[in-house]
Amino acid sequence: MSKPFMHFNNLTMSFTTRKETVTAVCDFDLKVDKGQVVSLVGASGCGKTTVLNAAAGFLLPTTGEVLLEGEKITAIEPRCGMVFQSYALFPWLTVKDNVAFGLKMKGLSRKQRHLEAQKYIELVGLKAFANAYPSELSGGMCQRVAICRALANKTDVLLCDEPFAALDAMTRQVMQQELLSIVQKSQQTVLFITHSIDEALIISDTIVVMSARPGRVKTMIDVKLPRPRDVNVQLTKDYIDLKKSIWDMVEEEVRSSLKLTKRAGMGQD
Amino acid sequence: MGRKELDLWSASVLGALGILIFLGMWELLTRTNIIDMFFLPPPSQVVQRAWNMTVNDGVLLVDIRMSAMRVLIGFLLSVIVGIPIGLVMGMNPYIRAMINPIISIIRPLPALSWIPLSMLWLGIDEQQKYAIVFMGCFASIVVYTTDATLRVDPLLQRAARNLGASRLQVLLHVTLPGALPDILSGLKVVLAIAWTCVISAEMVGANSGLGFRIWTAKEWSDTSQVLVGMICISLTVLLLDILFRFIEKFLLPWQSKD
Ligand SMILES: Nc1ncnc2c1ncn2[C@@H]1O[C@H](COP(=O)(O)OP(=O)(O)O)[C@@H](O)[C@H]1O
Ligand SMILES: [Mg+2]
């Protein structure tokens with residue numbers, strides 16, 4: 001058997017605060033193939049962000065490991081490019097320089113990196129804004145820049161933490177399509193967190209439903225719907241059945257998560 | 001509903017009008033001897049005096065240049081030393097904990113209190129003036145820079161590391177530009193402090209500069225000259241402020257666009 005491209009090998013992540021130790025993720029096991037688009041869905045607070053942070057090397061596992069092409073991730077890993085929900089663009093850099101940031105760190109010349117950045121900027125239709133600053137862009141544009149910035153850095157895995165959550169419904173749908181077209185063109189491996197089952201169904205090859213805290217893989221669903229998945233697919237019986245069955249599973253977890261928080265007497269995000 | 005804002009033109013006209021009325025009243029009160037001219041000369045006399053000091057003997061220009069040089073050199077020295085220390089303190093909690101007490105002890109000391117020691121060590125030549133300015137500015141610059149560094153969004157530093165930046169690259173390409181706006185507004189405050197340092201130092205021990213000029217004029221009860229000196233201080237600080245705003249616009253093009 002060949003090694004999986006990315007492997008979360010019984011990942012357990014605990015946080016120790018002054019009062020207690022919280023296990024956010026427990027024995028999370030997941031294999032991701034190259035070029036696969038995998039969505040993580042689950043109740044708020046079930047550990048999705050924590051899993052992504054482990055993949056990026058921002059947090060190190062309490063036990064278990066994350067392997068990329070068989071290599072253990074032990075530090076911040078530039079091969080796993082993160083797209084943050086809040087964009088995290090550098091406000092003092094233009095769109096072009098934001099996208100070229102990773103290439104600059106690698107030591108590419110100004111000309112080379114701008115040429116490279118330009119390709120991605122054109123790909124997402126922001127050519128007219130290449131010299132604008134992030135403060136001059138809308139949320140949807142900022143998120144496109146953030147995606148470009150990760151892609152231009154030639155990441156092996158694109159990690160997206162609810163990237164479209166802050167966008168309005170229409171921009172969101174357009175962005176989903178754009179992400180898909182980019183991803184398919186470049187055979188990019190993607191790990192995608194979302195609150196929206198529709199979003200997961202449109203984007204993913206595989207949907208991972210996580211259990212309430214401590215997060216683990218509850219079910220994995222291969223989405224066999226034909227691509228491209230436009231609005232018409234969303235009206236087919238297959239789609240609706242799939243959505244229903246995923247919703248049933250997620251709902252169960254959301255309810256148990258709500259009970260959990262009520263008992264602990266604390267709010268969630 | 002927003003506060004009513006005047007456009008630049010009306011604001012300038014009103015501002016000029018305010019100054020004219022102020023000067024007119026002053027002229028009137030002194031000319032009519034309601035205020036004794038010995039204590040407060042009329043503005044026309046002050047202007048006359050300024051004219052003499054610039055055109056006839058040129059001493060005023062020399063004084064301005066001397067003071068400005070002292071401010072600039074002392075200020076630049078404290079910037080060169082203070083900003084790197086502030087950056088390092090902002091990034092490393094251990095170093096911060098170690099240096100903070102020292103800075104906290106130096107910072108409240110008024111520049112005047114350094115004059116005796118500095119005179120004993122350095123006499124009254126130029127270096128002593130630089131030292132006074134340096135001691136007056138250095139600690140504040142360190143504190144402003146440390147705070148500015150701490151206010152940089154850690155998410156940006158994390159994003160940069162994720163894009164392959166080394167720790168040094170994060171410092172140069174994220175922390176420094178991210179902290180720059182706050183550092184610059186801190187420097188603007190410190191530059192005004194630097195002027196007060198120089199004026200104090202020149203009043204106590206110097207033979208040139210605006211502070212010296214004001215102090216000697218007082219010995220001769222020459223109120224016009226005192227006022228000329230004071231106005232020059234005010235104008236130079238204002239001028240520097242305008243200059244500083246241009247520098248800010250140039251260094252922070254991303255901030256002016258909203
Ligand atoms: N740095 C931290 N310190 C303590 N607890 C944390 C920390 N980060 C996350 N947690 C806890 O871990 C759990 C999972 O968080 P997270 O991964 O952000 O969930 P999700 O992204 O699925 O909403 C939450 O209960 C949260 O309170
Ligand atoms: Mg989250």
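Letters go in sequence order (proteins before strands), and every chain restarts at 1.
Judged purely by distance below 3.5 Å, without hydrogens or angles, the side chains of A/Lys72 and A/Asn9 never pair a donor atom with an acceptor atom. Under 3.5 Å, the side chains of A/Thr50 and A/Asn53 contain no donor-acceptor pair of N or O atoms. B/Gln128 and B/Ser118 share a side-chain donor-acceptor pair at under 3.5 Å.
Taking the six-membered ring where tryptophan is involved, the planes of A/Phe58 and A/Phe84 are essentially parallel, since the angle between them stays under 30° and well short of 60°.
Taking 4.5 Å as the heavy-atom cut-off, the residues of residues 175-187 of chain B that approach chain A are B/Pro177, B/Gly178, ordered by number. At a heavy-atom separation below 4.5 angstrom, chain B is approached by no residue within residues 156-168 of chain A. Listed in order of number, the residues of residues 79-103 of chain B that approach chain A to under 4.5 Å between heavy atoms amount to none. Proximity to chain A among residues 140-168 of chain B is limited to B/Leu155, B/Leu156, B/Arg158, B/Ala159, B/Ala160, B/Arg161, B/Asn162, B/Leu163, B/Gly164, B/Ala165, judged by heavy-atom separations below 4.5 angstrom.
Within 6.0 Å of atom CD in B/Gln127, 12 or fewer heavy atoms from other residues, nucleotides or ligands are found, so the atom counts as exposed in its surroundings.
Looking only at side-chain heavy atoms (C-beta outward), B/Leu77 and B/Ile73 come within less than 4.5 Å of each other. Using a 4.5 Å cut-off on side-chain heavy atoms (C-beta onward), A/Leu59 and A/Phe15 make contact. The shortest distance between side-chain heavy atoms of A/Met13 and A/Thr23 does not fall below 4.5 Å. Under the 4.5 Å side-chain criterion, counting only non-hydrogen atoms from C-beta, A/Val190 is not in contact with A/Val38. For the pair B/Phe244/B/Leu191, a side-chain contact is recorded, criterion being any heavy-atom separation below 4.5 Å from C-beta on. B/Lys129 is not listed as a side-chain neighbour of B/Met66, based on a closest heavy-atom distance of 4.5 Å or more.
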Fill in: Criterion salt bridge (charged side-chain N to carboxylate O under 4.0 Å, His left out) on A/Glu116 and A/Lys96, from CA distance to verdict
CA-CA 10 Å; A/Glu116 189 68 19; A/Lys96 193 160 62 180; over 6 Å; no

Discussion item. Go through it in stages, so that I can follow the logic: the residues are A/Met6 and A/Lys34, the test is side chain to side chain contact (heavy atoms under 4.5 Å, CB included), and I'd like the CA-CA distance, side-chain angles, deciding distance and then a yes or no.
Written reply: CA-CA 8 Å; A/Met6 191 173 206; A/Lys34 194 170 169 57; over 6 Å; no

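Within the 4.5 angstrom heavy-atom criterion, only side-chain atoms of A/Ser86, from C-beta onward, approach chain B. Proximity to chain B is absent for every atom of A/Asn98, based on heavy atoms less than 4.5 angstrom apart. Using a 4.5 Å cut-off between heavy atoms, A/Arg149 touches chain B through backbone and side chain atoms alike.
Although no hydrogens or angles enter the test, the distance criterion places a donor-acceptor pair under 3.5 Å between the side chain of A/Glu77 and the main chain of A/Arg79. A distance-only check finds a donor-acceptor pair linking the side chain of A/Gln36 to the backbone of A/Asp33 [under 3.5 Å]. Between the side chain of B/Ser10 and the backbone N or O of B/Leu6, no donor-acceptor pair lies under 3.5 Å.
Across B/Arg65, B/Arg213, B/Glu202, B/Arg70, a single residue satisfies side chain to side chain donor-acceptor pair (under 3.5 Å) together with B/Ser208, and that is B/Arg70.
When each of A/Pro91, A/Ala56, A/Ala75, A/Gly57 is checked for heavy-atom pairs under 4.5 Å with chain B, A/Pro91 comes out on top.
Residues B/Tyr130 and B/Phe134 place their aromatic rings such that the two centres sit no closer than 6.0 Å.
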